[in-house]
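Predicted model only: the values in this text are computed from it and were never measured. Throughout, a chain's letter reflects where its sequence line sits, starting with A, and its residues are numbered from 1.
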2 protein chains.
Amino acid sequence: MSEARPFKSQSLKSACSNCSVLELCLPLGLTGLEIERLDTLIVQRFKVKKGAALYRAGDPLRSLYAVRIGSFKTSMLSIDGREQVTGFQIPGEMLGLDAISTDLHTCNAVALEDSEVCPVHFAQLEKLAQELPSLQHNLNKLLSREIVRDHDMLMMLGNMNSDERLAAFLLNLSQRLNERGYSSSSFVLKMRREEIGSYLGLRLETICRGIAHLRDLGLVEINGRDVNIQNMDGLKQLILGCHRQFS
Amino acid sequence: MSEARPFKSQSLKSACSNCSVLELCLPLGLTGLEIERLDTLIVQRFKVKKGAALYRAGDPLRSLYAVRIGSFKTSMLSIDGREQVTGFQIPGEMLGLDAISTDLHTCNAVALEDSEVCPVHFAQLEKLAQELPSLQHNLNKLLSREIVRDHDMLMMLGNMNSDERLAAFLLNLSQRLNERGYSSSSFVLKMRREEIGSYLGLRLETICRGIAHLRDLGLVEINGRDVNIQNMDGLKQLILGCHRQFS
DNA sequence: CGTGTGTTTGATGAATTTCAAAGCAGGTGG
DNA sequence: CCACCTGCTTTGAAATTCATCAAACACACG
């Protein structure tokens, strides 16, 4: 397995070639040594073609996945065939945390574009975490953060109308992209209107109309999937009343 | 109402020492020795009066809490003063998991009736978990299970109409009560209509009407806060289309 | 150049919210 | 013990938001 480090690991941050787990853990403050140990968990990163599933509901949990390049959606399917999108993941974010509960994945993870992930073998991660308390602590935090995110989502669905939800969605995406080093005001939506709608508890037509409204207000410029936020504060104003800006 | 019988009959498990952490961990299979060690974490259980806050958003995370007697709601407050309920907790369930993320509680936990909780000092829990791998594993699962629960909630809010949401809510509560040794068909709602509504993303009036509908269908008998499920299968039928029965 | 997938816009209708008012229950003080 | 609050629930009617249905458009791709 240690053979399976196809790329040299130059230890610290940006140099790290084969492992976006760094991005996952660094903000939480692991030491260099710990990161090196972590790197040994990454057998190999691999690609997922647009539209392909990284895993499906019911699959046994083997690995968690850190998105390295591209983006994913997670979704659940209801019996009548309708899809409920539960989240979108961009580079540096983690997939599969919900599977820890039952050792089975509870949702599908599908690539929204040609993507690349780093699998983190979960059993090995747990074992390593035993030796590295701060890693365990970070894993706990990671899981908890996901809970907080979901609560924010619940808050949004409970309190906001369609335009506010859309604004919150755009702001949230903007912020997350920014955290990962991308532009916060100019980005491309990798998902369809229908998927945004599912995520926000709305129909795709409502998303379209919402976009039109925000455009009419001069807050954003959206052409197809190209987004340009023109008045960030105005957008935030719209969703004020939500205690956090849907972090 | 009477505080000794929070939801109906006496719990089977409440005989156990002073620690409802047992109930938290037992279903996940800890050994007796591990449980003994766990017990040492419980400094003392204490009471929370109806309407009092166990903790508030912004409070530092000191302990997680296992509900021992009674019930709680967790909620977030928006600037304009509206409350978003994010969950209800009954005996044997855990409070505070979301705080691990930032070491600050992100929501308020308020007792719906005179209640009693077991605080579990979190730093000590983490330390003990270091020594007991299976405890750590269980903690991971606990966190993950919360994520799954939230996802189910998102699914519900995205796909169900008001009557279906109400049915799902009642079934969910019924099932959880049953798991804890209470009756699954006959119980008392400890929360107001408004709180149910907030939780389900609906107005209190809509909850009332939903109750009337379910009653007209002969599925439940609800007088004030007393619930009697008369046709469990019928209720489940209503929400079919949701891939799990909103576990 | 047609085909298919995704997006936009309009018109209509249904579900839910909002506003309003009355009813009920429990608790308190007279 | 009763009467009266107060907070919660129920029901009705009107208003609003969003979903649905339908059609046209845009764009990429073979």
Nucleotide of dC8(D), dT7(C), dG10(C) approaching Arg225(B) most closely (side-chain heavy atoms): dC8(D)
Hey, does the side-chain of Arg203(A) have a donor or acceptor N/O within less than 3.5 Å of a partner on the base of dT9(C)? no
Is there a side-chain contact between Leu235(A) and Ile229(A) (heavy atoms, below 4.5 Å)? yes
In whole angstrom, give the distance that lies between atom NZ of Lys50(A) and atom P of dT5(C). 13 Å
Side chains of Leu143(A) and Ile147(A) in contact at under 4.5 Å (non-hydrogen atoms): no
Could you state the CG-P distance from Asn223(A) to dT7(C), rounded to the nearest angstrom? 13 Å
Side chains of His151(A) and Met76(B) in contact at under 4.5 Å (non-hydrogen atoms): yes
Grab the CG-C1' distance between Leu189(B) and dT9(D) for me, whole Å please. 13 Å
Distance, rounded to the nearest Å, where Ile222(B) contributes CD1 and dC24(C) contributes P: 18 Å
Which nucleotide wins on minimum distance to the side chain of Arg193(A), given the candidates dT9(C), dT7(C), dT18(C)? dT7(C)
Whole-Å distance, Glu194(A) CD to dT8(C) P, equals 14 Å
For the residue pair Tyr182(B) and Phe187(B), is the inter-centroid distance of their aromatic rings smaller than 6.0 Å? no
Closest to the Arg192(A) side chain: dT9(C), dT20(D), dG6(C)? dG6(C)
Any base atoms under 4.0 Å from Gly197(A), or only sugar-phosphate, or nothing? Heavy atoms, all strands. nothing
NA contact type, Leu202(A), heavy-atom cut-off 4.0 Å: base, sugar-phosphate, or nothing? sugar-phosphate
Rounded to the nearest angstrom, tell me the gap between atom CD1 in Ile211(A) and atom P in dG6(C). 15 Å
Side chain Glu205(B) and base dC19(C) donor-acceptor under 3.5 Å: yes
Proximity to the side chain of Arg215(A) - top-ranked nucleotide from dC18(D), dT16(C), dT9(C): dT9(C)
Does Gly210(A) reach a base, just sugar-phosphate, or nothing at all? Heavy atoms under 4.0 Å. nothing
Looking across every strand, which nucleic acid part, if any, lies under 4.0 Å from Thr206(B) by heavy atom: base, sugar-phosphate, or nothing? base
Over 60° means perpendicular and under 30° means parallel, so classify the ring planes of Tyr65(A) and Tyr55(A), tilted if in between. parallel
Tell me the interatomic distance from Asp216(B), atom CG, to dT10(D), atom C1', rounded to whole angstroms. 13 Å
Between C1' on dA19(D) and CZ on Arg165(A), what's the gap in Å once rounded to a whole number? 13 Å
The nucleotide from dT11(D), dC18(D), dT7(C) with an atom nearest the side chain of Ser162(A) is dC18(D)
